[in-house]
Each structure stands twice: as C-alpha cells, then as structure tokens.
Peer 1: 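First the structure, then my questions, so here it is.
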Amino acid sequence: MRMISRRAAMFAVLVMFSVSVMAQSVATTPTDRKDDWWQKRHKAKLEQAAQGGIDIVFLGDSITHGWEGGGKEIFQRYYGDRNVLNIGFSGDRTEHVLWRIENGALDNIQPKLLVLMIGTNNIGHNSSTPAETVEGIQLILKKIGEKLPNTKVLLLPVFPRGANNEDTLRKRTVEINQGLPALADNQRVIFFDFNQLFLTDDGTLPREIMPDLLHPNAKGYTIWAEAMEPFLRKFVYPETTEPVGKLDSAWWKNRHEQQCKQADAGEAEIIFIGDSITHGWEGNGKEVWAANYNLFKALNLGIGGDRTQHVIWRLQNGGLGKCQPKVAVLMIGTNNLGSNSVQEIVEGNKYIVRMLREKLPGTKIVVLSIFPRGDNNESPQRKKVAEINAKLQKLADGENVFYFTFNDKLLAPNGDMDPAKMPDKVHLSPAGYTLWAENLAPLLKQLGL
C-alpha cells in the first residue's frame, strides 16, 4: 500500500509539473536575444535610464524603435524637449520584453507614463497564438506594476497590418486587440485604441501611412503622436495643463465674465493674454495702453494671480468670445515658478498656444518670454526663467507663432533688477510698460498692425 501511495504521489507530481510547463508558453517565458546590436542597445538604454529624470517611457518592438528612424523628426517635434526614454527594440516579442524588464530595463526610473505596444512579432513570426500573446502582454503589465507601481500605463493595441480586413495577420491582430481591454483597470492601466485613425472606412491600410503595411512613416507617427497628446497632458503634466477656474473668487469670476462680454463684441485686432503683469496694462500701463493700442480696440485678457491652468480654463469657457484678432500676445507662467518644473510650465504654454491655433486659425500668436525674476543673473529664479524661455523660443514656427523677448531691456547693465522698470521685481512701472510697447511695436507692424 505504501509503494502504491508513493507511486501515486510521484505520478501526481509529474502531472502537476507537466501542466505547469504547458501553462508557460513561449510568449510568457523571458528570453533574451544574442544579436550583438540588441545586447548593446539594451546596455545603452540601461545607462540612459540610470541618468534619471525620465517622465515618459515607450516600450515595444520595431514600431516603437522606429521613433528613432522613420519617426525621428516627429519624435523631435513632439518629444524633443520632454524627458522620454525609448526602449523599443526591433523584432522583439513579448518574451523579449519580459527578459529586458527582468534585467533592468525599468530600474532606476519612476516615469509618470509608460506607453506599451507589443505583440505584432508574436503572430508575425508565428511563435504564439493571439491568446498566448495576450497572456504575454498581461504578464508584462504585471511586471510593470511591480517595478513601477506609481506609473500610469497607456496600453496600445497592436497596430493594424496587412492590406485590408481579410489579411490573415490583420485578423490575428484583431484577436489580440479584442483581449486587451480586459487587461486595463482604467486607473493605473488605460487601454487606448486609435487604430481606426490609420485606416480608411473600409478597413484598408494606406501605404502613405504604413508603406510596408506594418511600420508607420512620418505621417503615421504624426497620427500616433497627436492621438496621445491628451494623455500626456492628463497623466504627465496635469498641474499646468488641466483647466482650473477660480470660481470661489467673486472678483476673478466677475472679471472673467466681463472679459467674455468684451470678447463677444469681436472687435479687437489685438488681444493680450496673461496674469497680473498683463492685467497691469489697466494700472501702471494705462496711459501707455491708450497711446499704443486703443486704435486697435485692443482687449486685455490678463487676470492677476493666474497660472497656465487658469488661462486654459478661461479659454475653454468663453474667454475668447467671438474674437478673431490679427494678433494674440501671450505671456504666462511667472506664477507657476514656485510650484512647477521648467517642463511643466513649458507644457502649459504649449497647450495654450495649441488652443489658440485651434480657436483663432487666422491669428498670429506672439509668445512673450517670461519676464526676469530674482535679484541678478545668479539667482535660482532667474536661471529657471532662462531655461523656460529657451524652451518657449522653440514654440515659434515663424509663420503662425512668433517668440519675442526684450528681457535685457528691463534689467540694469550688470543684470540686476532695475527698480525704475520693475519696482517690486515682478511687475512693471510705467517706464516698464513703455519699454514693452516700444519694443513690441516693430513685430506688430510686421504682423499687420
């Protein structure tokens, strides 16, 4: 009896072992690749991650890797000034991503957002079924959660491949994608399917978007980048890009409503958008305003104390009314300095410019540098403002958006604050507003005023 029991026990163990082996498919078994370039790229990416400061991670295969190839210019345009780590590796399958995660790919970083797209090579190489591929993706998400518990994950579908809906590989990608929504909790992991943007109404994949019916070209990467922008604002830069209204402040609410009424008249040829420094055109700058801008029925959309998020709220809630001015002058961000990073403040400005482009398609936008802060050139605030302004300058395209600065004119020759122009080291005196109007005048003339 004892011998039978032992044999039975051994058989049971063997069965359990066999089931365990069968349950672990190729797609869920961490596997490296021996290619020299692959090993070198993995090492290089570990070194880049070790430098820290990463806000956004792209994780995937050749399509993600392609941000450094066919999507290079688009990547520079959308992510060049953002702190992004691209750990896409051409040819990778779920098992390779698992190996990379187990071997340091997500160590030494705490990004705010990770963008994951993987799986097309699992079915393309016929190494895994769609169901097994989904299991691989599920395990990747589990490993990401263990490594980066505070990071939001934007789970993308496998991009469409093949000429049309009848293509065998297209059908397999659809099977994978049908299994992905169940992997998202819509809190830490968000599934975002924008595949329809790549396709025509009948499901055809145009070669002008993916020439080889698999990898995007610049047009395809533009579609991808544009689709993700709302998620970057929401999950990476929410403090400066998510709209906030000061509705508990009666005077703020009243001023906003008054501005909406003025904007609804639709007469202004130039508008100024900003905080207390712009608001101050009605104070210390009142006479300068009358002499320079009354002719253009200028509209002052400055409100004291505002930050980028408050301006965004105002623009979304009637702040522009029926205005279609020739020029919009924007200066915002000085009130964000104490609580937000350089990049966050730039992102707020970037989003405002984007909104103005959409709402005022015929308007030329002038992005004004944030005025100097801090006592001298060595003060931390002065240096932070200089970093911001260097990035704001890159928003200009020379056609619709223009960058303008006269900060040097507001300072003493040695770089110290000039009390005659900025008495409290933040706001302008009448002399400061005179400098603003005089220095801006040539650009406004160039833009048609």
Side-chain angles (χ1 to χ4, degrees), residues 255 258-259 262-263 267-307 311 323 325-337 349 352 356 363-377 379 381-382 385-386 388-390 392-393 395-396 401-449:
R255 180 166 174 83
Q258 182 184 41
Q259 289 175 346
Q262 292 173 325
E267 299 177 343
E269 293 183 83
I270 181 172
I271 60 175
F272 288 77
I273 303 168
D275 47 43
S276 59
I277 302 173
T278 299
H279 194 155
W281 280 114
E282 299 171 20
N284 285 341
K286 188 173 183 178
E287 292 183 6
V288 183
W289 178 277
N292 288 274
Y293 304 123
N294 277 355
L295 176 65
F296 305 111
K297 297 181 180 179
L299 178 60
N300 184 347
L301 298 180
I303 300 185
D306 268 14
R307 303 180 185 185
V311 170
C323 277
K326 292 181 179 179
V327 179
V329 180
L330 170 69
M331 182 178 63
I332 192 68
T334 199
N335 292 316
N336 293 90
L337 287 172
N349 272 269
I352 292 169
L356 292 173
T363 299
K364 303 297 184 183
I365 301 164
V366 176
V367 178
L368 215 61
S369 62
I370 295 177
F371 287 171
R373 295 288 298 269
D375 291 333
N376 53 54
N377 289 327
S379 68
Q381 268 199 330
R382 182 73 63 83
V385 166
I388 294 167
N389 289 338
L392 292 182
Q393 187 171 3
L395 299 182
V401 182
F402 301 81
Y403 174 78
F404 180 74
T405 183
F406 65 102
N407 279 8
D408 59 325
K409 306 288 181 59
L410 293 171
L411 301 170
N414 65 355
D416 289 352
M417 280 291 190
D418 187 342
K421 299 162 187 172
M422 300 180 76
D424 65 355
K425 303 179 182 180
V426 178
H427 302 91
L428 301 181
S429 66
Y433 281 103
T434 298
L435 279 172
W436 186 348
E438 288 177 350
N439 283 275
L440 186 60
L443 177 58
L444 295 183
K445 185 176 182 180
Q446 175 187 331
L447 300 180
L449 284 179

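The shown structure was predicted, so the numbers you read here are calculated from the model rather than taken from an experiment.
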Peer 1: Taking C-beta and beyond as the side chain, do V327 and L443 meet within less than 4.5 Å on heavy atoms?
Peer 2: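 Side chain of V327 against side chain of L443, heavy atoms only: no contact under 4.5 Å found.
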Peer 1: Out of curiosity, F406 CZ to L435 CG, how far, rounded to the nearest 0.5 Å?
Peer 2: 6.5 Å
Peer 1: Do side-chain atoms of Q259 reach the backbone of G302 as a donor and acceptor pair under 3.5 angstrom?
Peer 2: yes
Peer 1: Give me each pair satisfying side chain to side chain donor-acceptor pair (under 3.5 Å) with a member in residues 437-449, each pair once, sequence neighbours excluded.
Peer 2: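 Qualifying pairs, neighbours excluded: K409-N439.
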Peer 1: Dump the intermediate steps for side chain to side chain contact (heavy atoms under 4.5 Å, CB included) on V426 and R373, then the final yes or no.
Peer 2: CA-CA 6 Å; V426 178; R373 295 288 298 269; 3.6 Å; yes
Peer 1: Can you find a heavy atom in the side chain of L411 that is under 4.5 Å from one in the side chain of M417?
Peer 2: yes
Peer 1: As an exercise, state the distance from CG of D416 to CG of D418, rounded to the nearest 0.5 Å.
Peer 2: 9.5 Å
Peer 1: Shortest non-hydrogen contact from A420 to A431?
Peer 2: O-CB, 3.8 Å
Peer 1: With K364, which residues qualify under salt bridge (charged side-chain N to carboxylate O under 4.0 Å, His left out), at least two apart?
Peer 2: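 Residues passing salt bridge (charged side-chain N to carboxylate O under 4.0 Å, His left out) with K364: none at all.
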Peer 1: How far does OG1 of T334 sit from CZ of F371, to the nearest 0.5 angstrom?
Peer 2: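 Those atoms lie 9.5 Å apart.
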Peer 1: For P325, run the side chain to side chain contact (heavy atoms under 4.5 Å, CB included) check against L299, I271, L449 and tell me which one passes.
Peer 2: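 Among L299, I271, L449, the one that satisfies the side chain to side chain contact (heavy atoms under 4.5 Å, CB included) with P325 is I271.
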Peer 1: Could you name each residue pair satisfying salt bridge (Lys or Arg N to Asp or Glu O under 4.0 Å) that touches residues 296-307, not counting sequence neighbours?
Peer 2: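 For residues 296-307: K246-D306, D306-R314.
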Peer 1: Is there a side chain to side chain contact (heavy atoms under 4.5 Å, CB included) between L392 and T405? Walk through the geometry before answering.
Peer 2: CA-CA 10 Å; L392 292 182; T405 183; over 6 Å; no
Peer 1: Tell me, please, which residues at least two apart from N377 pass side chain to side chain contact (heavy atoms under 4.5 Å, CB included).
Peer 2: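 Scan of N377 (side chain to side chain contact (heavy atoms under 4.5 Å, CB included), adjacent residues dropped) gives R382.
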Peer 1: Go through the structure and list residues passing side chain to side chain contact (heavy atoms under 4.5 Å, CB included) with A386, not counting sequence neighbours.
Peer 2: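 With neighbours one apart ignored, the set is empty.
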Peer 1: I'd like to check L440 versus N292 (side-chain heavy atoms, cut-off strictly below 4.5 Å). Are they in contact?
Peer 2: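 Of all side-chain heavy-atom pairs linking N292 with L440, none is under 4.5 Å.
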Peer 1: Holding to side chain to side chain contact (heavy atoms under 4.5 Å, CB included), I want the full list of residues that pass it with D408, two or more places apart in sequence or in another chain.
Peer 2: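 With sequence neighbours excluded, D408 shows a side chain to side chain contact (heavy atoms under 4.5 Å, CB included) to no residue whatsoever.
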Peer 1: So, taking the atom named CE in M331 and the one named CG in N349, what distance separates them when rounded to the nearest 0.5 Å?
Peer 2: 10.5 Å
Peer 1: Donor-acceptor check, side chain of N389 to backbone of S369, threshold 3.5 angstrom: yes or no?
Peer 2: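 No; judged by distance alone, with no hydrogens or angles, the pair does not exist.
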Peer 1: Compare every heavy atom of G374 with every heavy atom of S379, then report the nearest pair and how far apart it is.
Peer 2: OG-CA, 3.3 Å
Peer 1: For residues 423-437, which residue pairs qualify under side chain to side chain donor-acceptor pair (under 3.5 Å), counting only residues two or more places apart or in two chains?
Peer 2: S276-H427, D375-K425, D424-H427
Peer 1: Can you list the residues that meet the side chain to side chain donor-acceptor pair (under 3.5 Å) rule with N336, with sequence neighbours excluded?
Peer 2: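 Per chain and number, N336 pairs via side chain to side chain donor-acceptor pair (under 3.5 Å) with Q309, N340.
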Peer 1: Look up atom CG in L444 and atom CZ in F404, then write down how far apart they are to the nearest 0.5 Å.
Peer 2: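 CZ of F404 is found 8.0 Å from CG of L444.
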Peer 1: Determine whether N284 and L428 satisfy the following criterion, side chain to side chain contact (heavy atoms under 4.5 Å, CB included), listing intermediate values before the conclusion.
Peer 2: CA-CA 7 Å; N284 285 341; L428 301 181; over 6 Å; no
Peer 1: Which residue in the set I303, L301, L368 passes side chain to side chain contact (heavy atoms under 4.5 Å, CB included) when paired with I273?
Peer 2: L301
Peer 1: Treating N407 as the side-chain partner and L410 as the backbone partner, does any N or O pair qualify as donor plus acceptor under 3.5 Å?
Peer 2: no
Peer 1: Work out which heavy atom in A396 is nearest to a heavy atom in Y403; give both atom names and the distance.
Peer 2: CB-N, 3.6 Å
Peer 1: Which residues pass the salt bridge (charged side-chain N to carboxylate O under 4.0 Å, His left out) test with R255, sequence neighbours left out?
Peer 2: E282
Peer 1: If you apply the rule side chain to side chain contact (heavy atoms under 4.5 Å, CB included), what do you find for V401 with L356, and how did you get there?
Peer 2: CA-CA 10 Å; V401 182; L356 292 173; over 6 Å; no
Peer 1: With sequence neighbours excluded, tell me which residues meet side chain to side chain donor-acceptor pair (under 3.5 Å) with T278.
Peer 2: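 Scan of T278 (side chain to side chain donor-acceptor pair (under 3.5 Å), adjacent residues dropped) gives none.
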Peer 1: Go through the structure and list residues passing ring-ring contact (aromatic ring centres under 6.0 Å, His included) with F296, not counting sequence neighbours.
Peer 2: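 ring-ring contact (aromatic ring centres under 6.0 Å, His included) check on F296 returns nothing, list empty.
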Peer 1: Rounded to the nearest 0.5 Å, what's the gap from CG on D275 to CD1 on I332? Could you check?
Peer 2: 4.0 Å
